[in-house]
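These numbers come from a predicted model, not from an experiment. Start at 1 with the first residue, then count along the sequence.
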Amino acid sequence: MSAAAPEAPPANTVVRGWPAWRYVWRLARYRFGFFLFSGVFASIMYYVLPLAPGLIVKAFFDELARVNGGQFAGWGWLWLFVAAASVRAAALVLAWTLERSVQLITSGLLHTNLLQRILQHPGARALPASPGEAISRFRDDVDSVIRFITWTIDPLGQLAVVVTAIIVLGRINVWLTLAVFLPLALTVLVVNRANRRLRRYRRESQQSIGLVTGLLGELFGAAQAVKVANAEQRVVRYFETLNEARRKAALNDLLFTEFLQSIASNGANLCTGVLLLVGAQAMRNGNFSVGDFALFISYLGWLTVVSGMFGQYLTRYRQMAVSLDRLLALLPDAPPETLVRHAPTYLRGPLPELPVPVATAADRLSELDAVGLTYHYPGTPNGIDGLNLRLPRGSFTVITGRIGSGK
């Protein structure tokens, strides 16, 4: 029994001769209009719209500062703030629905292409490893790819946020704007520099999950062989070894990913401290109002989230390249476009009618002859050589031998 998976080549942004973005582009073009609308709508609703409450808060505090014993007239800004939050909440539900639909469509296309190619191989060599290990690739690696697909337009929304924030804040105070953006830029640079280790941890985590899943799949199919060989304890110990390796690999991957995200999050605290130190003096000199300070704080928190999202975008791009490499390993002799070839998935509407073969007298199998039948397991001399069989119709043939002999 073997649950070992083939060692994947080092993941890079180039996968089997194609850059990773080219696979993404082919998948995005499958339902391009729907993909484009979903991505643009989600980017506007998720990234750009949150800038509006900051302007409303600024106007509210400026109005509050102007009240000097008179009647407060800023209630309209509060109602506008509530309306903006309600619209964004409703729009995010629609954006999530659209993104999830894109993911399901892309997942259906990938699964269709993978299964179609695998079923074209001889049954004995359809997969490079165990069926259980292949199932983990169908589940986890496909999920990694489709989740990145819905992130591809996000940098446009992130860029719009940064440009808008620079223009709005820069018109208030250029030096404070530079003081806010410099730590954020350094944070993105640090995250980007850690990409090699990040790819290695993700590749090790995915491979370890595949080994555990592959072993479980083989155990369910070979339970009788394990019991006959009295190997239950050895199998359990081997499973514990694989599971411990999986735990360590998953922990490394999760810990390092969270560490990078914490760097991006703590950049906000640093920016807030700089803003408090520099902004206090500007407020004392009358060059910086309470509304300006509220606007800076509002944009600072969101800019921190956006910079962290951009770091996650770079992270997911490299993790997606690892998953693409593992999926292409299921198609060892196929060109790279096979994985992302456009094909009908029949997610909506009636299924196509399959032609029913009509048997004739010429199709009747009277005798099966096999001469010189030979098969060796890949990479080993084990197998069968020169087997001759003649099986007449209606006969009864038994193939017998020891368990594990290769029947």
- Evaluate side chain to side chain contact (heavy atoms under 4.5 Å, CB included) for L254 paired with Y201, printing each intermediate quantity in order. CA-CA 9 Å; L254 179 61; Y201 285 156; over 6 Å; no

- Item | From CA spacing to verdict: side chain to side chain contact (heavy atoms under 4.5 Å, CB included), D140, S144 | CA-CA 6 Å; D140 300 328; S144 176; over 6 Å; no

- Message: Let's go through D143 and R139 carefully: what are the C-alpha distance in whole Å and the side-chain angles of both, what is the deciding distance for salt bridge (charged side-chain N to carboxylate O under 4.0 Å, His left out) to 0.1 Å, and is it a yes or a no?
- Response: CA-CA 6 Å; D143 184 71; R139 180 192 61 205; over 6 Å; no

- Message: Could you walk me through whether F35 and I149 satisfy the side chain to side chain contact (heavy atoms under 4.5 Å, CB included) test, starting with their C-alpha distance in whole Å, then the side-chain angles of each, then the deciding distance to 0.1 Å, before giving a yes or no?
- Response: CA-CA 9 Å; F35 160 80; I149 292 295; 4.0 Å; yes

- Item | Evaluation steps, salt bridge (charged side-chain N to carboxylate O under 4.0 Å, His left out), between R247 and E244 | CA-CA 5 Å; R247 184 189 68 82; E244 177 64 16; 2.6 Å; yes

- Item | Intermediate values then yes/no, side chain to side chain contact (heavy atoms under 4.5 Å, CB included), L368 and L389 | CA-CA 8 Å; L368 174 63; L389 289 175; over 6 Å; no

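Put simply, the side chain of L339 does not reach to within 4.5 Å of the side chain of L330, judged on heavy atoms. Considering only heavy atoms from C-beta on, L373 stays 4.5 Å or farther from Y375 through its side chain. Under the 4.5 Å side-chain criterion, counting only non-hydrogen atoms from C-beta, L156 is not in contact with S43. The shortest distance between side-chain heavy atoms of L36 and I153 falls below 4.5 Å. Using a 4.5 Å heavy-atom cutoff, the side chains of Y23 and E337 are not in contact. Between R341 and Q116, the closest side-chain pair of non-hydrogen atoms falls below 4.5 Å. At least one side-chain heavy atom of V142 sits under 4.5 Å from a side-chain heavy atom of L114. For the pair E232/K227, a side-chain contact is recorded, criterion being any heavy-atom separation below 4.5 Å from C-beta on.
Distance alone, capped at 3.5 Å, is enough to place a donor-acceptor pair between the H342 side chain and the R26 backbone. Without hydrogens or angle criteria, T164 side chain to A160 main chain gives a donor-acceptor distance under 3.5 Å. When atom types are taken as modelled, the side chain of T106 and the backbone of V102 share a donor-acceptor pair closer than 3.5 angstrom. A donor-acceptor pair is defined here as one N or O able to donate and one able to accept, closer than 3.5 Å; such a pair exists between the side chain of T97 and the backbone of V93.
Checked against W25 for a ring pair (Phe, Tyr, Trp, His ring centres under 6.0 Å), the options F32, W18, Y30 give a single hit: F32. Each of D141, I146, L115, T345 was evaluated against L110; a single residue qualifies, I146, per the side chain to side chain contact (heavy atoms under 4.5 Å, CB included) test.
Below 30°, between 30° and 60°, or above 60°: for F148 and Y313 the angle between ring planes is between 30° and 60°, a tilted geometry. Aromatic ring orientation, F41 versus F37: parallel (interplanar angle below 30°, classes split at 30° and 60°).
A side-chain donor-acceptor contact under 3.5 Å links T360 and D363.
Residues satisfying the side chain to side chain contact (heavy atoms under 4.5 Å, CB included) test with L55, not counting sequence neighbours, are V168, L295, Y299.
Within a 6.0 Å radius of CD in E367, other residues, nucleotides and ligands contribute more than 12 heavy atoms.
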